[in-house]
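Data first, discussion second: the structure below is written as structure tokens.
Note that ligands are numbered from 1 as they come in the structure, with each ligand's atoms numbered from 1 the same way.
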Amino acid sequence: MLPEIENVKAEIINYTISNKKELEEFRIKYIGQKGLIKELFGLMKTVAPQQRKELGLQLNALKEMAEAKFKEYQERFENQTNEPILPPYDLTLPVIPDSLGGLHPISITLNRIIRIFRNIGFDISEGPEIEDDWHNFTALNFPHNHPAREMQDTFFIEKNPDILLRTHTSSVQVRVLESKHPPIRTLSPGRVYRNEAISARAHCIFHQIEGLFVDKNVSFADLKQTLLYFAQELFGKHVKIRMRPSFFPFTEPSAEVDVFLGTETEADRKLTKGTGWLEIGGCGMVDPYVFKACGIDAETYTGFAFGMGIERIAMILYQIKDLRLFTENDIRFLKQFIRIS
Ligand code: DAH
């Protein structure tokens, strides 16, 4: 057998056909008018007359073989209603695990705090991070010479000193009091900004959550009870709170709130510097000046307010020692919170 015929024969035997398109390609390549077998028949003219018969037999056998293969596949595909739909990938391969994202510890802490206050009827209010002097300072009774108004404490906009990055979420108190009528029970979480050098304990951007409760006959006892409820829900029923007299221009009287975590564990002793107590925020009764500035009748209504740092609470809850970890986006730190919500 001529090597050309031998090669084509082997090709036909090994040719894989897996759909109608490939069958048609097979047909054109070997059996068609311009196919390889037709071309091989051209060899008849080149061989000696006595070899012609033998060559003819071989070529005919080759042609029959190709046609038989064609027919076999044609029948096979005809019996199928549709061509097999082959996925572009191998479904039997094991899956490539996709790493799950998670909430940031600040979001987790914030959500926990919100859930606790929602249960006692607080809603959420938001205010802008780019504030004006009135909402951040003046309406909150900050005198003109107050140190918080200094350039080294607050980020101001150079072209318009009336515009600043809010230094606390207390500015949202003013916005709520200006736009709503008591009773008011609201929480205002969000980002705040201070012109501070970044260290393990301070950052120029951090988060606070503000609470405001205004109604008839709201008393300091309500404030104390609300904060005790909150502290026990967040840190456990065993914790106590204490209030130390303090000063804020927008509350009178004002207090700092401490939580008693105890001194039993090494972590608690470290966190509380051996005292068992840890400060979580400021609070007080809304100063009548603020009510007046916002158009609320200070004779009819009283209220309390409180403000807490979210980072600080997250640091207590998860025993985080460096504030910078919250903003470094180090995946080794963040992934420890994936299963916490
Ligand atoms: N705005 C205060 C701060 O950033 C925190 C604060 C204190 C908020 C007393 C209050 C409050 O609502 O009553 O330091």
Side-chain angles (χ1 to χ4, degrees), residues 110 113-114 117 122-129 131 133-143 146-150 153-155 164-178 182 184-196 201-215 218-228 230-231 241-259 278-291 293-294 296 298 301-313 323:
L110 196 58
I113 298 172
I114 289 172
F117 281 106
F122 279 74
D123 62 15
I124 306 284
S125 331
E126 284 181 331
E129 289 172 25
E131 255 306 356
D133 176 276
W134 168 258
H135 292 96
N136 198 81
F137 292 130
T138 304
L140 289 168
N141 197 24
F142 279 79
H146 194 282
R149 289 177 182 249
E150 299 283 324
D153 286 318
T154 301
F155 291 111
L164 49 94
L165 293 180
R166 69 177 179 196
T167 59
H168 53 182
T169 43
S170 303
S171 56
V172 190
Q173 279 190 40
V174 179
R175 292 191 172 268
V176 172
L177 289 171
E178 282 174 335
I184 291 165
R185 242 185 264 187
T186 197
L187 283 180
S188 314
R191 238 175 263 144
V192 300
Y193 302 83
R194 294 200 189 160
N195 195 355
E196 284 194 66
R201 319 208 93 237
H203 206 293
C204 56
I205 303 174
F206 57 102
H207 299 76
Q208 285 188 335
I209 190 157
E210 192 85 7
L212 177 67
F213 192 137
V214 182
D215 205 344
V218 178
S219 72
F220 200 89
D222 297 319
L223 168 60
K224 205 170 165 186
Q225 196 55 39
T226 304
L227 292 174
L228 178 64
F230 163 71
I241 62 164
R242 78 177 175 193
M243 291 161 117
R244 281 177 292 111
S246 185
F247 174 79
F248 299 101
F250 43 94
T251 44
E252 180 59 35
S254 306
E256 314 259 1
V257 193
D258 298 342
V259 171
L278 202 70
E279 187 197 318
I280 58 160
C283 66
M285 300 306 291
V286 179
D287 194 307
Y289 178 96
V290 177
F291 282 144
C294 301
I296 296 219
Y301 294 105
T302 50
F304 65 71
F306 56 85
M308 295 179 283
I310 312 288
E311 277 81 354
R312 185 163 180 81
I313 292 181
L323 198 64

With salt bridge (charged side-chain N to carboxylate O under 4.0 Å, His left out) as the criterion, how do R312 and E279 come out once you've worked through the C-alpha distance, each side chain's angles and the decisive distance to 0.1 Å?
CA-CA 9 Å; R312 185 163 180 81; E279 187 197 318; 5.5 Å; no

Are T226 and F304 close enough, and set up right, to give a side chain to side chain contact (heavy atoms under 4.5 Å, CB included), and what steps lead you there?
CA-CA 10 Å; T226 304; F304 65 71; 3.5 Å; yes

Compute the centroid of each ring, for F122 and then for F230, and state whether the two points are separated by less than 6.0 Å.
no

Sequence neighbours excluded, which residues qualify as side chain to side chain donor-acceptor pair (under 3.5 Å) partners of T169?
Q208, E210

Could you list each nitrogen or oxygen of ligand 1 that sits under 3.5 Å from a protein nitrogen or oxygen, with the atom names and the distance?
from	atom 1	to	atom 2	distance (Å)
ligand 1	1 (N)	H168	ND1	2.9
ligand 1	1 (N)	S170	OG	2.9
ligand 1	4 (O)	R194	NH2	2.8
ligand 1	4 (O)	Q208	NE2	2.9
ligand 1	12 (O)	Q173	NE2	3.1
ligand 1	12 (O)	E210	OE2	2.6
ligand 1	12 (O)	F306	N	3.4
ligand 1	12 (O)	F306	O	3.4
ligand 1	13 (O)	A305	O	3.2

Rounded to the nearest 0.5 Å, what's the gap from CG on L223 to SG on C283? Could you check?
4.5 Å

Do the rings of H146 and F142 sit parallel, tilted or perpendicular, given the 30° and 60° boundaries?
perpendicular

